[in-house]
Amino acid sequence: MSVRTRFAPSPTGYLHVGGARTALFNLLFARQHGGKLILRIEDTDEKRNTPEALEAITDGLDWLGIDWDEGYGKGGNFGPYRQSERNAIYEKHFAVLQAGGHTYEDAGAIRFRSPRKTVTVDDLVCGKIDFDMSNPVTHPDMTIRRPDGSWIFHFVNVVDDLEMKMTHVIRGEDHLSNTPKHIELYQALGAEPPKFAHIPLILNHEGKKLSKRDGGSSLSYFLENGYVPEAVLNYLCLLGWSPGENRELLTIAEIQELFSLDGINRRNAIFDLDKCFWLNGQHLQTMALERFVALSRPFIVKAGIVATTDEDLLKALTIVKPKVKHLSDVPAWIGFLFTEDYPFDPEAVEKSLRKPEALDHLRALGAALATLTEWTHPAIEARLKETAAAAGLKAGPFVHPARVAVSGKAVGPGLYEMLELLGKDRVLARFQKAEQLP
RNA sequence: GGUGCCUUCGUCUAGGGGUUAGGACACGGCCCUCUCACGGCCGGUGCACGGGUUCGAAUCCCGUAGGCACUGCCA
């Protein structure tokens with residue numbers, strides 16, 4: 001039987017990073033076994049569902065590159081894939097439960113009568129766990145249908161996994177305690193339960209469930225703040241899973257190849273934005289320039305930067321790529337290359353242009369560069385160093401004023417690359433302008 | 001409260017009877033250097049606690065404590 005896994009979110013908010021990781025693990029497992037990932041929308045609670053939330057989920061999955069094979073938006077042989085459209089199927093299975101004497105009414109709602117036995121959950125991650133369900137006080141019969149006829153999660157979740165022929169249910173550990181109830185349902189329906197794998201939870205810095213207030217709890221945060229999907233994916237898969245051999249910086253292809261349910265540990269993990277940030281910089285550095293350009297473009301456009309030519313933009317991004325950590329920083333790093341009206345950081349001006357000799361150095365450098373015939377990075381560097389040596393100084397005293405004069409900032413791409421890109425005329429003009437700074 | 005799960009540097013983790021307990025992020029210092037970054041080097045902090053078992057325990061067992069989840073006519 002070929003593997004079928006699913007991601008079954010409820011469209012009630014945004015796509016949570018925990019949900020994204022669950023989807024990712026399901027995808028990886030399916031791919032490794034030549035199986036399929038199904039997307040099912042669990043929207044039985046009408047009051048809480050919104051179309052925006054549904055869109056946020058599919059947008060988030062698309063952005064991460066979690067491409068499901070079947071389900072909502074793609075179709076398949078086991079649809080419909082929204083629970084709100086599957087009523088007839090639920091009625092059918094509900095009738096089976098009723099006929100078997102497994103249900104009873106309670107204040108208008110319908111409950112499932114537990115067989116009151118010990119249920120063993122044989123989990124692919126957690127191992128064998130026994131749940132003693134005999135005490136109705138500690139394990140009350142679950143409600144499966146509301147008085148208005150709508151369905152409760154436990155029931156529809158089981159019916160759908162059954163109907164959609166799921167072989168493996170990989171989900172958050174918050175469902176571990178629900179699993180014996182689900183198994184009772186499968187058995188009452190005369191069906192074999194799928195294999196279960198419960199993965200550890202993602203917590204915030206206080207060790208509590210990650211909530212909206214925590215930075216990075218929503219996947220959209222990463223998109224908006226200039227993270228790239230491969231870095232987020234890389235970080236997410238490292239939460240609760242390790243490929244061993246001290247490997248951490250992984251491409252999607254490597255993750256795909258190395259992933260295994262065996263490598264998943266059972267500890268909840270605290271979400272650490274710092275490490276995700278680092279991973280982002282690493283992926284930015286190693287990715288192809290074309291991809292960097294494509295990913296940067298929306299941020300550049302949004303910042304209103306208009307590059308003189310595509311070629312110039314490409315050159316600018318080339319010198320920025322090895323150093324920038326967030327795509328959202330790109331505009332600030334290249335903006336001054338495409339306008340004479342670039343802002344000056346007061347602190348940088350104070351530190352590098354207001355020093356007593358700073359303007360003298362800038363003037364000397366300007367004069368030295370004015371006679372340079374070959375305007376290239378190495379030639380500029382050589383000339384600057386000669387100038388510094390002639391003054392009996394290191395390069396620093398010349399570099400810093402030049403950097404601030406030309407870019408307005410203390411931080412940015414390598415100076416010589418910047419100067420080369422700007423061209424001699426603009427560089428000399430900016431040097432002069434810097435002397436007039438208020 | 002009940003049930004279940006979990007507990008290795010601040011964080012993510014490797015290690016599953018004999019290791020100077022390894023790596024990464026973060027942090028501090030140094031080197032490189034034009035700032036930042038990258039890279040390199042060094043550093044500190046860790047097996048929750050208490051009992052066993054054993055020649056030997058981070059590793060196995062028991063207990064305690066703490067954390068998390070579930071305990072909904074939410075999912």
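The sequence lines fix the lettering, A, B, ..., with proteins before strands; numbering per chain opens at 1. Computation of the quantities below employed the complete heavy-atom set of this structure, encompassing side-chain atoms and omitting hydrogens, waters and symmetry-equivalent molecules. This one's a predicted model, so the numbers in the text were calculated from it and none came from an experiment.
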Complementary nucleotide for [N] - Watson-Crick or wobble, under 3.5 Å:
N      : result
B/rC74 : none
B/rG16 : none
B/rA37 : none
B/rG44 : none
B/rC25 : B/rG10
B/rG63 : B/rC49

How many Å lie between [atom1] on [X] and [atom2] on [N], as a whole number?
X      : N      : atom1 : atom2 : answer
A/E248 : B/rA14 : CD    : C1'   : 10 Å
A/L279 : B/rA26 : CG    : P     : 11 Å
A/M418 : B/rA37 : CE    : P     : 16 Å
A/R403 : B/rU33 : CZ    : C1'   : 12 Å
A/N265 : B/rG16 : CG    : P     : 15 Å
A/L250 : B/rU13 : CG    : P     : 14 Å
A/F131 : B/rA69 : CZ    : C1'   : 10 Å
A/W278 : B/rG39 : CH2   : C1'   : 13 Å

For atom [atom1], what is the distance between [N] and [M], given to the nearest Å?
N      : M      : atom1 : answer
B/rG1  : B/rG39 : P     : 49 Å
B/rC38 : B/rC47 : C1'   : 34 Å
B/rG43 : B/rU35 : C1'   : 26 Å
B/rU71 : B/rC25 : C1'   : 37 Å
B/rU54 : B/rC62 : C1'   : 16 Å
B/rG29 : B/rA37 : P     : 12 Å
B/rG18 : B/rA58 : C1'   : 12 Å
B/rA75 : B/rG67 : C1'   : 24 Å

- Message: For A/H198 and A/H175, I'd like to know if the aromatic rings sit close, meaning centre-to-centre distance below 6.0 Å.
- Response: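 Centroid distance A/H198-A/H175: not below 6.0 Å, so no.
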- Task: Summarise protein proximity over nucleotides 70-75 of chain B in one line of letters, 5' to 3': B for base, S for sugar-phosphate only, - for none, counting protein heavy atoms closer than 4.0 Å.
- Result: SSSBBB
- Scoring nucleotides 5-11 of chain B by protein non-hydrogen atoms under 4.0 Å (B base, S sugar-phosphate only, - none) yields SSSB--S
- Query: So, the side chain of A/K424 versus the backbone of A/A370: is there a donor-acceptor pair under 3.5 Å, distance only?
  - Reply: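 Checking the backbone N and O of A/A370 against the side chain of A/K424, a donor-acceptor pair under 3.5 Å is found.
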- SB check A/E386 A/R383 (cutoff 4.0 Å):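 Here A/E386 pairs with A/R383 in a salt bridge, since their nearest N and O are under 4.0 Å apart.
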- Query: Do the numbers put A/R40 on top of the ring of A/F7, so that NZ or CZ is under 6.0 Å from the six-membered ring centre and no more than 45° off the axis?
  - Reply: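 No; the conditions do not both hold, so A/R40 does not lie above the ring face of A/F7.
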- Query: For A/W333, is the NZ or CZ atom of A/K323 found under 6.0 angstrom from the centre of its six-membered ring and inside 45 degrees of the ring axis?
  - Reply: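 Pair A/K323/A/W333 does not count as cation-pi.
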- Query: Does A/K385 place a side-chain N or O at less than 4.0 Å from the phosphate oxygens OP1/OP2 of B/rC34?
  - Reply: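 Affirmative; the distance criterion is met.
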- Query: Below 3.5 Å, does any donor atom in the side chain of A/K323 face an acceptor in the base of B/rC38, or the other way round?
  - Reply: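 By the distance-only test, no, there is no pair.
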- Query: Does some side-chain heavy atom of A/L249 sit less than 4.5 Å from a side-chain heavy atom of A/E254?
  - Reply: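 No, side chains not in contact.
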- Message: Applying a 4.0 Å non-hydrogen cut-off, can you work out what A/G207 is touching in the nucleic acid: base, sugar-phosphate, or nothing?
- Response: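 Sugar-phosphate contact only - A/G207 comes under 4.0 Å of backbone atoms but never of a base.
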- Task: Tell me what A/E245 touches on the nucleic acid: a base, only sugar-phosphate, or nothing, going by heavy atoms under 4.0 Å.
- Result: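 Nothing, no heavy atom under 4.0 Å.
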- Query: Between A/H377 and A/E206, which has a closest nucleotide on RNA chain B that is more 5'?
  - Reply: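 Going by which nucleotide is closer to the 5' end, it is A/H377.
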- Message: Quiz question: by atom type and distance under 3.5 Å, do the side chains of A/H16 and A/S217 form a donor-acceptor pair?
- Response: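 Note: A/H16 and A/S217 side chains miss the donor-acceptor criterion.
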- Message: For a quick check under 3.5 Å, do A/R171 and A/T179 share a side-chain donor-acceptor pair by atom type?
- Response: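 Their side chains do contain a donor-acceptor pair, which is all the 3.5 Å distance test asks for.
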- Query: Partners of A/F25 by ring pair (Phe, Tyr, Trp, His ring centres under 6.0 Å), sequence neighbours excluded?
  - Reply: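 A/F25: ring pair (Phe, Tyr, Trp, His ring centres under 6.0 Å) contacts with A/F259.
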- Query: Hey, what's the ring geometry for A/F398 with A/H361, parallel, tilted or perpendicular (30° and 60° as the breaks)?
  - Reply: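 Correct class here is tilted.
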- Query: How are the rings of A/F336 and A/Y342 set to each other: parallel, tilted or perpendicular (split at 30° and 60°)?
  - Reply: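 Taking A/Y342 first and then A/F336, their aromatic rings stand perpendicular (interplane angle over 60°).
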